[in-house]
2 protein chains.
Amino acid sequence: MDSQFLKKVGLKATLPRIKILEILESGGTARHMSAEDVYKALLEHGEDVGLATVYRVLTQFEQAGILTRHHFEGGQSVFEMDEGRHHDHILCTKCGRVDEFFDPTIEERQKAIADKFGYSMTDHSLYIYGICKDCRKKEKA
Amino acid sequence: MDSQFLKKVGLKATLPRIKILEILESGGTARHMSAEDVYKALLEHGEDVGLATVYRVLTQFEQAGILTRHHFEGGQSVFEMDEGRHHDHILCTKCGRVDEFFDPTIEERQKAIADKFGYSMTDHSLYIYGICKDCRKKEKA
DNA sequence: TAAACAAATGAGAATCTTTTGCATTGTTGT
DNA sequence: ACAACAATGCAAAAGATTCTCATTTGTTTA
């Protein structure tokens, strides 16, 4: 049950938190959702949760390590459930499609670069932008 | 002369544009400036340019390929003069220090990943975050 | 080089995303 | 079930960026 999970990570099992967790887990809309997306999904499910609470809860979940916040191009933050394994993203600038990948060589090089410049690496973000196969097909038509 | 340069890239040589170009070229404050930074620098130089114009001009410069817009963590966009050679960034989350690097291996892997997923890569952004040597030294003290 | 025109600017309003203040409500341990 | 304190909702606020529109400024042309 989600309420057990929430307590485990040190958060009170409140209704808004449980509902938001359900939305994120269901992957209903997509694995990558903005605060607004989550808010709309809640409304569609007939839940009465304020947008401010959505923001607060998402931030708490991020701090609890339950999810990751991304800064894709285009202003707003996008959140994604953390399923353990780290990965980076490649996204289509036409249709917004998102794919995930993990490349050990890149990870390794990043660490090496940080070392070389005297930084202790805490994090990194890598986004590849392009046009996906489907969108290229459409363009030709 | 900057006005010649502006015409060359297809922009009218207006006073605001010339002044903004000077600020960016001088590297006065730093190589990486937000719109607000540029605006403040203009005021300090006694130039009377509106913030809206700064935003407009920076966007135009970006489209003209004169400069690159970055989305570092923390909300606002940061601009940097394009001196031809592409590079990525490593930044200190304590003091804001920014270093630049170029890694052929990473570049190559990115292209390979895009191909593998069927994308035609148009762009990419890579930021490494960490604590720089100086800040680590201070922390120990 | 002055008129003519389109493009650019400045100031402030508007928009969008996210955060905050505060009164009210809900959760948890006892 | 109850007290204590955390969490929520709403509306206001804040920060970044864009837009509107009247006015000014480059550029072009005669």
Side-chain angles (χ1 to χ4, degrees), chain A residues 1-23 32-43 45-64 66-79 96, chain B residues 1-23 32-43 45-64 66-79 96:
Chain A
M1 207 210 262
D2 283 340
S3 66
Q4 300 308 310
F5 175 70
L6 285 170
K7 286 182 191 166
K8 205 180 304 174
V9 299
L11 292 170
K12 274 184 167 174
T14 65
L15 217 39
R17 298 216 259 241
I18 292 171
K19 292 305 175 188
I20 291 172
L21 199 49
E22 283 178 9
I23 296 286
H32 304 87
M33 305 176 82
S34 68
E36 194 73 32
D37 290 338
V38 173
Y39 178 64
K40 283 195 207 123
L42 286 167
L43 293 188
H45 288 222
E47 302 297 339
D48 188 19
V49 177
L51 181 56
T53 298
V54 173
Y55 273 101
R56 273 186 293 238
V57 170
L58 289 175
T59 301
Q60 292 157 352
F61 283 7
E62 183 195 9
Q63 288 167 349
I66 301 176
L67 50 76
T68 302
R69 180 193 301 252
H70 295 291
H71 303 279
F72 294 161
E73 279 189 350
Q76 78 276 60
S77 294
V78 173
F79 299 84
Chain B
M1 206 212 263
D2 284 340
S3 67
Q4 300 307 311
F5 175 70
L6 285 170
K7 286 181 189 164
K8 203 180 305 171
V9 299
L11 293 170
K12 272 174 146 180
T14 65
L15 216 40
R17 297 216 259 241
I18 292 171
K19 293 304 176 189
I20 290 173
L21 199 48
E22 283 178 10
I23 296 287
H32 305 87
M33 305 177 79
S34 67
E36 194 74 32
D37 290 338
V38 172
Y39 178 63
K40 282 195 209 127
L42 285 167
L43 293 187
H45 289 221
E47 303 297 341
D48 187 18
V49 176
L51 180 56
T53 299
V54 173
Y55 273 102
R56 273 186 295 237
V57 170
L58 289 175
T59 301
Q60 292 158 352
F61 283 5
E62 183 194 10
Q63 287 167 348
I66 301 175
L67 49 77
T68 302
R69 180 194 301 252
H70 295 291
H71 303 280
F72 294 161
E73 280 189 349
Q76 78 276 59
S77 295
V78 173
F79 299 85

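Residue numbering restarts at 1 for every chain, and letters A, B, ... go by the order of the sequence lines. Keep in mind that the numbers below use all heavy atoms, side chains included, and drop hydrogens, waters and symmetry copies.
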Task: Any side-chain heavy-atom pair of B:F79 and B:V38 under 4.5 Å - done: no
Task: Minimum side-chain heavy-atom gap A:H70-A:S77 below 4.5 Å - done: no
Open item on the list: Heavy-atom nearest nucleotide on DNA chain D for B:K7 versus B:E36: which residue maps closer to 5'?
Closed with: B:E36
Open item on the list: Need to verify one output field. Residue with the more 5' nearest nucleotide on DNA chain D, B:L15 or B:S77?
Closed with: B:S77
TODO: For DNA chain C, note the earliest and the latest nucleotide, 5' to 3', having some atom under 4.0 Å of a heavy atom belonging to chain A.
DONE: C:dT17 to C:dT28
TODO: Nearest 0.5 Å please: distance from the OH atom of B:Y39 over to the CD1 atom of B:I20.
DONE: 11.5 Å
Open item on the list: How long is the straight-line distance from CD1 of A:I23 back to NZ of A:K40, given to the nearest 0.5 Å?
Closed with: 13.0 Å
TODO: Could you pull out the closest heavy-atom pair between A:I18 and A:A13, with the gap in Å?
DONE: CD1-O, 4.1 Å
- [ ] May I ask you to say what A:R17 touches in the nucleic acid, namely base, sugar-phosphate or nothing, with a heavy-atom cut-off under 4.0 Å?
- [x] sugar-phosphate
Open item on the list: Of all nucleotides in DNA chain D that come within under 4.0 Å of a heavy atom of chain A, which is furthest toward the 5' end and which toward the 3' end?
Closed with: D:dA6 to D:dA11
TODO: Look up atom NZ in B:K12 and atom OG in B:S3, then write down how far apart they are to the nearest 0.5 Å.
DONE: 14.0 Å
What side-chain donor-acceptor pairs closer than 3.5 Å can you find for residues 46-60 of chain B, not counting sequence neighbours?
| unit_1 | atom_1 | unit_2 | atom_2 | d |
| --- | --- | --- | --- | --- |
| B:T53 | OG1 | B:R56 | NH2 | 3.4 |
| B:T59 | OG1 | B:Y55 | O | 2.9 |
| B:T59 | OG1 | B:R69 | NH2 | 3.3 |
| B:Q60 | OE1 | B:R17 | NH1 | 2.8 |

Open item on the list: Do B:Q4 and B:K8 make a side-chain contact, defined as non-hydrogen atoms from C-beta onward lying under 4.5 Å apart?
Closed with: no
